[in-house]
Every structure is written in C-alpha cells, then in structure tokens.
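These notes are about the structure you will find just below.
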Amino acid sequence: MPKSFLSTLTGSFSTGAAENPTVAMVEAAYRHHGLDIRYINCEVPPDLLGDAVRGARAMGWVGFNCSLPHKVTVIEHLDGLGESAEIMGAVNCAVRRGDQLIGENTDGKGFLKSLMEKIDPRGKSVVMFGAGGAARAIGVELALAGATRIVVVNRGVERGQTLVDLLNTRTEATAEFAAWSGPYAIPDGTDIVVNATSIGLYPDVDGRLDIDLDTLKPGMVVADVIVNPPKTNILRDAEARGCTVVDGLGMLINQGVIGIKYWTGVDADPTVMRDTLTEIFGASD
Ligand code: NDP
C-alpha cells in the first residue's frame, strides 16, 4: 500500500485559543499511539464560527472541540445532539458520524470518568459549589449516572436556581438550591463534594471556598475542576481532613480520552496526557 500523505484532521475552535493546552495533550496521545492525525488549535471569533464549522466539513475533519465562547452557539451549525448535550444545551465536542456532525459534551463526562476512579455516584448525595457552565455539565452527568441528591451551592441565586430547575425537570435526581452567604456547612450524609466554581484558578491561587472546614469528613470524596494549579486549597484542606481527593487535571485528561475515542475509536493512554499537562502546569503534589 503506498504511503498516504493525507492526515486525518481534528482540532479546536475558540476565542483565546492560545491559552488552551488541549492541543499539547491530544497531540502527545496521537504520537504515543502512532496515529497519523493532527489536532489544530484555531482562534475563531464568534461571528466566524459558522464559517469554521463549514470549513471543517469541507476539509473532512472527523470532529473538533469547541470552547468558550462557542459552546452554545455552535449548536445551530450541527446536525444533532447527544443526550447530555441536549439537556445541557451546550456542546464542547463535535463528532462526525456518517455525513453528520453531532454535538456531544465531554466536560461532564470527563469529570465523571475521573470521579469514577474513586467513587461511583450512583445512589450518592452530592454538594456542588457553582452553577456556571462546568457545574451544569457536571450536575447533568452526575444525575444521569444515578446520583440521587444534588445540592447546588451558588453565590448568584438566579443561576443556582436555574440549574436546580433543570436537574429536577430533566433528570431523576432530586436537586435543591442553597444560597452561599457565609461559611457553608456540608450536611452530614454527603458523599461527594465538588468545586465547580473558578475559585483557585490562576492567578487566584490563594482563593479558598467559604466553607466550614470542620464539616469535611473522612470518607467524603472532594473533587475540583481547577486545572491550574492542580493542587488547590480545597483539595489540600480536604486531604488534611482525611477525604479522598480528585483534581481537575483528571477531568481535562478524560475529556481528551473521550474525544479521541469519539473521533478515532482508539482508547488513548491517559498517562501520556497527564505527563504532558503536569509538565505544563507543574506537579500536583
Ligand atoms: P462560569 O463563569 O460559567 O461559572 C463560574 C462559577 O464560579 C459561577 O457559579 C460563579 O458564581 C462561581 N464563582 C466565581 N468566582 C466566585 C467567587 N469568588 N465566590 C463564589 N463563587 C464564585 O465558569 P465555568 O463554569 O465555565 O468554569 C468554572 C471553572 O471550571 C473554571 O475555573 C474553568 O477553568 C474550570 N473548568 C475546568 C475544566 C476541566 O477540564 N478541568 C473544564 C471546564 C471548566 P456566580 O454564579 O455567583 O457568579
């Protein structure tokens, strides 16, 4: 068989693309598995997103990630949505299936895969801080995975209540809103605590969730979405109190694993991706 000089194409469309490390992580996995596939990180302004998607179709891309600010607006340029992306109303990964581009959301799925290494959320009680895009994705996936109770703790009441309403109407989980106005006491019986806010994200590295630390109990699993730095104050505080912790790198890495599986069918080795991110962001210990 003659050598092919035509690589398979994947990539990402976002504004602020220069700050997105996914390309380094995904290309490290492609190289590791000897795949002749490229991942092209593209700076795409909001008014040209439709052109970018049409370009990807014309060039036969097998799929692409899309990050801020395109996660909602990309939907009008796609042919259909996966189950959780439809509930969330947000897409961060498009996948070519036949001649269609289908929108999936790997944010929450990446989080769930990372969490499952420590605990299965089925039948569990969750406290989740935050009600933005990451929280919405995580809340929906936790609910679809069988979490029975999800308390959404958020500073802004309207955003928190909107997420609670979505979970109660579109999933089997029972969700409730807790206003965040002073140190929050994590209720007894909580199994999983999630920081889905941006507190702790560089340069806010000294940021700390306003919680009553004595209510973090051994046996709880405490997970963070923050990638940079991977070891946040909440994870340090939780570890010091005997909780099991899950960092935000796992969520990002598993988004890569899931995206590569969608696009290529290959089960990518997460180790090579973690090594690449650890090199970029520093060790998590
Ligand atoms: P949004 O802007 O949509 O939401 C931010 C959330 O954080 C809101 O609930 C907001 O509350 C809350 N928040 C921010 N600052 C504070 C504060 N000082 N005190 C209390 N609450 C605060 O962001 P996203 O949901 O898109 O992203 C959240 C984080 O998740 C980011 O740091 C992002 O980097 C990370 N992320 C990580 C991923 C990964 O793969 N590891 C993937 C996606 C996101 P309010 O509504 O009151 O403003």
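Both counts, for ligands and for their atoms, begin at 1 and track the order of listing. Here the structure is a predicted model, which is why all the values come from computation and not from measurement.
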Between Tyr39 and Asn65, does any side-chain donor sit less than 3.5 Å from a side-chain acceptor? yes
For atom 34 (O) of ligand 1, grab the closest protein heavy atom and report residue, atom and distance to one decimal in Å. Leu201 CD2, 4.1 Å
Got a salt bridge between Lys71 and Asp107, using NZ or NE/NH1/NH2 to carboxylate O under 4.0 Å? yes
Six-ring centre of Phe5, Lys3 cation under 6.0 angstrom, axis tolerance 45°: yes
Top protein contact for atom 10 (C) of ligand 1, by heavy-atom distance: Arg159 NH2, 3.8 Å
Answer yes or no for atom 12 (C) of ligand 1: protein heavy atom present at a distance under 4.0 Å? yes
Can you find a protein heavy atom under 4.0 Å from atom 23 (O) of ligand 1? no
Could you tell me whether Arg170 and Glu86 make a salt bridge, using a distance below 4.0 angstrom between a side-chain N and a carboxylate O? yes
Checking a contact table here: which protein heavy atom is nearest atom 46 (O) of ligand 1, and how many Å away? Asn154 ND2, 2.9 Å
Among all protein heavy atoms, pick out the one at the shortest distance from atom 40 (O) of ligand 1; state its residue, atom name and that distance to 0.1 Å. Gln255 NE2, 2.8 Å
May I ask you to check whether Val227 has an N/O atom sitting below 3.5 Å from an N/O atom of ligand 1? no
Compute the minimum heavy-atom distance from Gly110 to ligand 1 and say whether it is under 4.0 Å. no
With a 6.0 Å cut-off (strictly less than), is the heavy-atom count around CD of Glu176, excluding the residue itself, greater than 12? yes
What protein heavy atom lies closest to atom 47 (O) of ligand 1? Include the residue and the distance to one decimal. Gly156 N, 2.8 Å
